[in-house]
Amino acid sequence: IHGDGSSMSAGVFRRTCRHHARPRAAVGGFTLLELLLALAIFSVLALVAWGGLSAVTQQTGAMRAAAERLATQQQLLATLRRDLEQALPGSVRGAYGEVLPALVGGEEGLEFSRLGAVSTTEGRFLRPERVRYRRDGRVLLRERWPALNLAPGTVAQRRALSGAVERLRLRYVDADGRPRPDWPPREPAALAATLPRAVEIEVTEAGGTVWRSVVLLPEPARLPRSGP
């Protein structure tokens, strides 16, 4: 009986040992090494994506800024062209009785008479007025007086056309087609009441972009009729 009992106990012990010796089933999940590797890959992809997004954002901003500069310069040139195409010949009196030429200008600014539109209860009419373009630092200003013969102390209506003008260069083409740096010519004096045949405009932006335009001025016989 003792031998059989010992044999039975040994068998139970061996079965128990074999049961505990079996490998446990693998537990689902990632190891620390796998997590670190995945995190490194994600970081690289995020950096690549961020660099691409940053480049796209910068390019979009540059394109938007260029479009805004283009719109500003087009509006500037269109305003100056519209004023010059309505220029009037004939000298006028200044606020203190001085004689002002029909157009007086140098390389960086000009002043002249023009027909400006004015709206009243009776309709829309054309009325003579005086305008001036000049550069104040990098700001190109348009100044307007609502009449030709001004009273002392009359204040001009001022509007900034651009804030990024590095240089404004104007040339005045006479009746013989010769460009001049200023107007009117000193001789003969009668030219003070006349207009140049054309005005050449060159605007240099702060970034170096140059815009050029040539505006033909009206001849006296072709001037539109002004209203009351």
- Task: Mind running side-chain hydrogen bond (donor to acceptor under 3.5 Å, both in side chains) on Arg142 and Thr79 for me, showing each step along the way?
- Result: CA-CA 9 Å; Arg142 179 184 186 266; Thr79 302; over 6 Å; no
Query - Side-chain heavy atoms of Val199 within contact of Leu217, under 4.5 Å - result: yes
message: Does any part of the side chain of Leu103, heavy atoms only, come nearer than 4.5 Å to the side chain of Pro184, both counted from C-beta?
response: no
message: Quick check: is Leu148 connected to Leu126 through a chain of hydrophobic side chains (ILVMFWY, heavy atoms under 4.5 Å apart)?
response: no
Got a donor-acceptor contact below 3.5 angstrom from the Arg180 side chain to the Val173 backbone?
no
Under 4.0 Å between a side-chain nitrogen and a carboxylate oxygen: does that hold for Arg130 and Glu111? yes
Distance col, row Leu216:CG vs Arg81:CZ, nearest 0.5 angstrom, shows 8.0 Å
With sequence neighbours left out, the residues meeting side-chain hydrogen bond (donor to acceptor under 3.5 Å, both in side chains) with Arg178 are Asp174, Asp176
Nearest heavy-atom contact between Pro218 and Ala87 is CG-O, 3.5 Å
| Can you hop from Val215 to Leu140 via hydrophobic side chains spaced under 4.5 Å? | yes
- [ ] Could you go through the side-chain contact (heavy atoms from CB on, under 4.5 Å) check for Leu76 and Trp211 one step at a time?
- [x] CA-CA 10 Å; Leu76 185 160; Trp211 303 85; over 6 Å; no
So CD of Glu108 and CG of Leu168: to nearest 0.5 Å the spacing works out to 6.5 Å
Shared hydrophobic cluster, Leu100 / Leu110 (ILVMFWY, side-chain heavy atoms < 4.5 Å):
no
Inset, instruction - Give the cluster check for Val104 versus Val92: same hydrophobic cluster or not, with ILVMFWY residues linked at side-chain heavy-atom distances below 4.5 Å. - result: no
- Query: Are any non-hydrogen side-chain atoms of Arg132 and Trp145 less than 4.5 angstrom apart?
  - Reply: yes
CZ (Phe112) and CD (Glu129) are apart, to the nearest 0.5 Å, by 9.5 Å
Rounded to the nearest 0.5 angstrom, the CG-CG distance for Leu88 and Leu195 is 8.0 Å
Contacts of Glu202 meeting salt bridge (charged side-chain N to carboxylate O under 4.0 Å, His left out) (sequence neighbours excluded), chain-then-number -> Arg212
Next item on the list: State whether the side chain of Tyr172 and the backbone N or O of Glu107 hold a donor-acceptor pair below 3.5 Å, judged by distance alone.
Entry: no
>> Test your reading of the model: is there a side-chain donor-acceptor pair from Trp183 to the backbone of Thr194, 3.5 Å cut-off?
In response: yes
In this structure, OG of Ser43 is separated from CH2 of Trp50 (nearest 0.5 Å) by 15.0 Å
Applying salt bridge (charged side-chain N to carboxylate O under 4.0 Å, His left out) to Arg169 and not counting sequence neighbours gives none
Exactly one candidate in Glu85, Arg127, Arg82 meets side chain to side chain contact (heavy atoms under 4.5 Å, CB included) with Arg114; the answer is Arg82
Smallest heavy-atom separation, Gln75 atom then Arg159 atom, equals NE2-NH1, 4.0 Å
Heavy atoms of Ser91 and Val99 approach each other most closely as CB-CG1, 3.8 Å
Going by chain and number, the hydrophobic cluster around Leu37 (ILVMFWY, side chain to side chain under 4.5 Å) further includes Ile41, Leu45
Residues at least two apart in sequence or cross-chain that pass salt bridge (charged side-chain N to carboxylate O under 4.0 Å, His left out) with Arg134, listed by chain then number, are Glu143
Handout entry: Under 3.5 Å donor-acceptor, Thr209 side chain and Glu205 backbone
Key = no
Using a 4.5 Å side-chain heavy-atom cut-off and chaining through intermediate ILVMFWY residues, the residues clustered with Val139 come out as Leu141
CD1 (Ile201) and OG (Ser213) are apart, to the nearest 0.5 Å, by 5.0 Å
- Query: Below 4.5 Å, heavy atoms only, C-beta onward: do Ser162 and Gln73 meet side chain to side chain?
  - Reply: yes
